[in-house]
2 protein chains.
Amino acid sequence: MPTIKDVAKRAGVAVSTASYALSGNKKIKGSTREKVLAAAKELNYRKNGLAMDLKKNKTKTIALILSDLTGPFYSELIRGVQELVLEKGYDLIVCSSYGDESSTAVKFLRETRTDGVILLAHNIENSFIQGSAREGFPIIVLDRYVTGDPNIISINVNNVNGGYKATDYLIRNGKKSVAFISGPSNSADSNDRYKGYLNALKDHGQTPLSKWILNGNFTQEGGYQATKMLIHQGEMPESIFFANDEMAIGGLEALKESEIRVPGDISIIGFDDIQLAPYLSPPLTTMRQPKYEIGKLASHVIFQVLERVQVKESYSFDTELVERSSC
Amino acid sequence: MPTIKDVAKRAGVAVSTASYALSGNKKIKGSTREKVLAAAKELNYRKNGLAMDLKKNKTKTIALILSDLTGPFYSELIRGVQELVLEKGYDLIVCSSYGDESSTAVKFLRETRTDGVILLAHNIENSFIQGSAREGFPIIVLDRYVTGDPNIISINVNNVNGGYKATDYLIRNGKKSVAFISGPSNSADSNDRYKGYLNALKDHGQTPLSKWILNGNFTQEGGYQATKMLIHQGEMPESIFFANDEMAIGGLEALKESEIRVPGDISIIGFDDIQLAPYLSPPLTTMRQPKYEIGKLASHVIFQVLERVQVKESYSFDTELVERSSC
DNA sequence: CTGTTAGCGCATTCAC
DNA sequence: GTGAATGCGCTAACAG
């Protein structure tokens, strides 16, 4: 790999001259510029971005870290983030936190490779995030509430309220019982939705039954298994609240296999409003998260911090009930 | 931001000693190691990954560049790529080529920021790719056939054949006419599927009608518009071949709006077999691309090149008809 | 205008 | 074991 030094030598100029010429600085005479450019082309010269970033102490890239690249991608979120990031002349890279703390996330959280990160990955622990924050390196956390560092900003959806609204909707529609399929126990999102579920139950004078509270791990397969379990238990609830849409898809499958009709025999509601939701049969009633808006805000806030303007330490969004045909 | 120098100073040792201690080299005495680690912790020291990569002249990361992060993400592809990349101890970052040649792609294609790239982005021109290849920097191109450089490897799906099979299937099922909705004109994928379409038509003695050949730009909206156009034209074909599933989704919508029944009044077939396909109503018949296998091979090949083992300059996969209910 | 030079933060000889 | 010195490729004073 030829370096700028090789280019300079070939063009018969000093390194700095080559550098200036390459970056289009106008203080270089036209003819010398040509010479340099020609030399660069002949050698097939490629600038080393790493060296540049190191020198400038700035990468002009933002990382978006997701727990799973292969899941139903939050494309709305990405769109929100990407728009502003590109507009600001920055680049966006997205990577996975798969593999916990030995994962790619470490590289980008710990080792100064981007100018900031937006994090939506429940498998990374709070303490790790806190240990990664530092002056001038903002971390925007999207799925929980992390305090104690001015460089960590939390953006959340009001999950307790969302869980409440979902459960309340079911009960108001006359359902005498509602089961809850949760996400992983370390997910604050899931736990909060559960809290809302509990609150709604209480307000309506219903008692939570542990046999109707199962873990579905936020995955389609998990939702399928949990629903199967529910079915095998014999007595079915009149409705199920899945803590995310993916699990609801699995649930729908399990129900169909047992020829239990939705919404005829049982009502189900999801959470998130993923792209697929309207295409399911029946189209899934769910709690919509304003993903685009969240992405937009996340990127907005990250640049605020980068530009050293004061921001709040946390933001919150509300969810919205999207009525389709599964209830 | 404290550097290793600060850590060394604080611990009262030389920089190299600190470096050794931090990276766990056993030639450092236990007690000095403790001192260094303590100093690092007190200062909240973070290694600068850029400096390290620069020094080592290796990033241990592979970039996957997609034309659009916000589209229906090829999650199977990513899964295939990610598995091997992680296994090899590398990291994967994915970024978008949105914005053409002023895009993020440039940064990763041109400026030595990763050890190689896998590219699926029809909006990047061949010449740009060829100009980016260099010794020891493999580029795996997934949506076309690029020759002339040992560091560029093409992996393709046999689109001509796929287009043929799709069209042939429709005709064999008794359809007297089949319309074709294409992708962007610069997409080799789309053009090849079109060729297959033409071939099949010819083999069955049908003549392509220009009014039944429309551009849908590979997007849902494009497919919707193209189908609308088809409808407004008056005379409808007995079947439509959408060059990708996304456009078929849009088409399904347009058809539903005009109360044209699928497959009752018209048959439609897509291409790709995206995650959503089985959930559409009716479930979409389509040509499946072995996305997981492609991803797997792409990552396999990239490491082959990195390890300087000889590889073929191009690979090819076949498509497979997935019969569902839209025909 | 152009060239010399000093780092950016780190890993790595090579002496001691 | 430890420390001083060197260089990865590049930019940006500063000097000419």
Side-chain angles (χ1 to χ4, degrees), chain A residues 1-37 39-40 43-61 107-108 110-115 134-137, chain B residues 1-37 39-40 43-61 107-108 110-115 134-137:
Chain A
M1 282 290 301
T3 73
I4 197 170
K5 229 182 235 165
D6 301 315
V7 175
K9 191 181 298 172
R10 174 140 196 147
V13 300
V15 200
S16 63
T17 309
S19 173
Y20 285 133
L22 255 8
S23 62
N25 187 310
K26 53 281 241 84
K27 72 166 115 182
I28 300 298
K29 211 185 355 180
S31 62
T32 7
R33 158 174 297 113
E34 298 304 332
K35 259 195 317 198
V36 174
L37 262 30
L43 294 172
N44 191 27
Y45 166 74
R46 297 279 103 94
K47 86 151 70 166
N48 186 319
L50 261 38
M52 213 192 86
D53 290 347
L54 174 60
K55 175 66 183 172
K56 295 213 173 154
N57 198 27
K58 231 177 170 225
T59 63
K60 295 209 81 174
T61 109
K107 208 157 163 172
F108 290 92
R110 293 279 198 197
E111 310 176 352
T112 330
R113 279 194 170 79
T114 62
D115 292 350
R134 59 204 110 107
E135 191 48 31
F137 184 75
Chain B
M1 282 291 301
T3 73
I4 198 170
K5 228 183 239 166
D6 301 315
V7 175
K9 191 181 296 171
R10 174 141 196 148
V13 300
V15 190
S16 64
T17 309
S19 173
Y20 285 135
L22 256 9
S23 61
N25 188 311
K26 53 279 241 85
K27 72 167 116 183
I28 301 297
K29 213 181 356 178
S31 63
T32 15
R33 158 174 295 113
E34 298 304 330
K35 259 195 318 201
V36 174
L37 261 31
L43 293 172
N44 190 28
Y45 166 73
R46 296 280 104 92
K47 86 154 72 167
N48 186 318
L50 261 38
M52 213 191 85
D53 290 348
L54 175 59
K55 175 67 183 173
K56 297 213 172 152
N57 197 28
K58 234 178 168 220
T59 63
K60 296 210 80 173
T61 108
K107 210 157 161 172
F108 290 93
R110 293 280 197 197
E111 310 176 351
T112 328
R113 277 194 169 81
T114 62
D115 293 351
R134 59 204 109 109
E135 192 48 33
F137 185 75

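Reckoned from all heavy atoms, side chains included, excluding hydrogens, waters and symmetry mates. Residue numbering restarts at 1 for every chain, and letters A, B, ... go by the order of the sequence lines.
Considering only heavy atoms from C-beta on, R113(B) stays 4.5 Å or farther from T59(B) through its side chain. The shortest distance between side-chain heavy atoms of D115(B) and K58(B) falls below 4.5 Å. In this structure, the side chains of K35(B) and T32(B) come closer than 4.5 Å at one or more pairs of heavy atoms. Here the side chains of T3(A) and N48(A) are not in contact, with every heavy-atom distance at 4.5 Å or above. Residues T112(A) and M1(B) form a side-chain contact, since some pair of their non-hydrogen atoms from C-beta on lies under 4.5 Å apart.
Distance check, rounded to the nearest 0.5 Å: NZ of K60(B) to CE of M52(B) gives 9.0 Å. Interatomic distance, R134(B) CZ to L43(A) CG, rounded to the nearest 0.5 Å: 14.0 Å.
Evaluated for a side-chain contact (heavy atoms from CB on, under 4.5 Å) with L22(A), the options T17(A), I28(A), V36(A) yield exactly one hit, V36(A).
A heavy-atom distance below 4.0 Å to DNA chain D is reached by these residues of residues 51-61 of chain A, ordered by number: A51(A), M52(A), K55(A), K56(A). Sorted by residue number, the members of residues 16-31 of chain A with any non-hydrogen atom under 4.0 Å from DNA chain C read S16(A), T17(A), K27(A), I28(A), K29(A).
Between F137(B) and F108(B), the closest heavy-atom pair is CZ-O, 3.5 Å. The two residues R33(A) and G24(A) come nearest to each other via the heavy atoms NH2-C, 3.8 Å.
Counting non-hydrogen atoms under 4.0 angstrom, V15(B) reaches nothing in the nucleic acid. Within 4.0 Å (heavy atoms only), R46(B) reaches sugar-phosphate atoms of the nucleic acid but no base atom.
Read 5' to 3', the first and last nucleotides of DNA chain C with an atom closer than 4.0 Å to a heavy atom of chain A are dC1(C) to dG9(C).
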